[in-house]
Amino acid sequence: MSNGKTQAQGSALAQPIGFSLGRTVVLVVLFVLGALVGAAGALVQGGWFPGGLLLALLGAAGVFHGGARLTGGRAGAVAPAGGWLIAVMLLTASRPEGDFLFGAGLGSYLFLLGGMAVAVMCATLGLPRQPPAPAARLGK
């Protein structure tokens, strides 16, 4: 007797990971968008301290969560988070002349740690999945 599943309908873990050019392009665009949001947030959070910090973190959360919703998976949140992290880390490094973009204030640390926390939250929160059932009502 068969349980109704064919080899192609097996577990998601048993499925081979396929290469999709469209998905790769979307993830690269999300990576670049995350880097842009990180750079813009670095400038905004220091310029208008209380409101700018909140605006920068909300912008980062929007990109991370929006990417996850767009792609339907965690990779959509990880790609912009990676771009954000790289951009922010490059902006925190001091130059040989002694110039740097981030000051050693509370706002800078809140932006760095808060952005990382938002990225982790958006990447680990499970997106609601619909069961692979027919269009019939599930209660019957």
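Only a predicted model underlies this, so the values are computations on that prediction, with no experimental measurement involved.
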- Task: Give the minimum heavy-atom separation between A123 and V78, together with the two atoms involved.
- Result: CB-CG2, 4.0 Å
- Is it possible for you to say whether V120 and F111 belong to one hydrophobic cluster, with membership spreading through side-chain heavy-atom contacts below 4.5 Å? no
- Item | Fellow cluster residues of L58, listed by chain then number, with links counted only when side-chain atoms sit under 4.5 Å apart | L54
- Message: Side chains of L30 and P80, heavy atoms from C-beta outward: is any pair under 4.5 Å?
- Response: yes
- Message: Hydrophobic cluster membership, with links at side-chain heavy-atom distances under 4.5 Å among I/L/V/M/F/W/Y: are V26 and L33 in one?
- Response: no
- Item | Nearest heavy-atom neighbours spanning R74 and T124 | NH2-O, 3.6 Å
- Message: Show the nearest heavy-atom pair for residues A77 and C122, with the distance to one decimal.
- Response: CB-O, 3.8 Å
- Using the side chain to side chain contact (heavy atoms under 4.5 Å, CB included) rule, take F64 and V37 through it: C-alpha gap first, then chi angles, then the decisive distance, then the call. CA-CA 10 Å; F64 303 154; V37 168; over 6 Å; no
- Query: What about L36 and L55, same hydrophobic cluster or not, with Ile/Leu/Val/Met/Phe/Trp/Tyr joined at side-chain heavy-atom distances under 4.5 Å?
  - Reply: no
- Item | Within one Ile-Leu-Val-Met-Phe-Trp-Tyr cluster: V29 and L27, side-chain cutoff 4.5 Å | no
- Note on the structure: For W84 and G115 the tightest heavy-atom approach is CH2-CA, 3.5 Å
- Minimum-distance pair of heavy atoms, taken over all atoms of S108 and Q45: N-OE1, 3.6 Å
- Where is the tightest heavy-atom contact between A39 and A87, given as atom of each residue plus distance? N-CB, 4.4 Å
- side chain to side chain contact (heavy atoms under 4.5 Å, CB included) against I86, all qualifying residues, sequence neighbours excluded: F31, L90
- Message: Holding to side chain to side chain contact (heavy atoms under 4.5 Å, CB included), I want the full list of residues that pass it with A40, two or more places apart in sequence or in another chain.
- Response: none
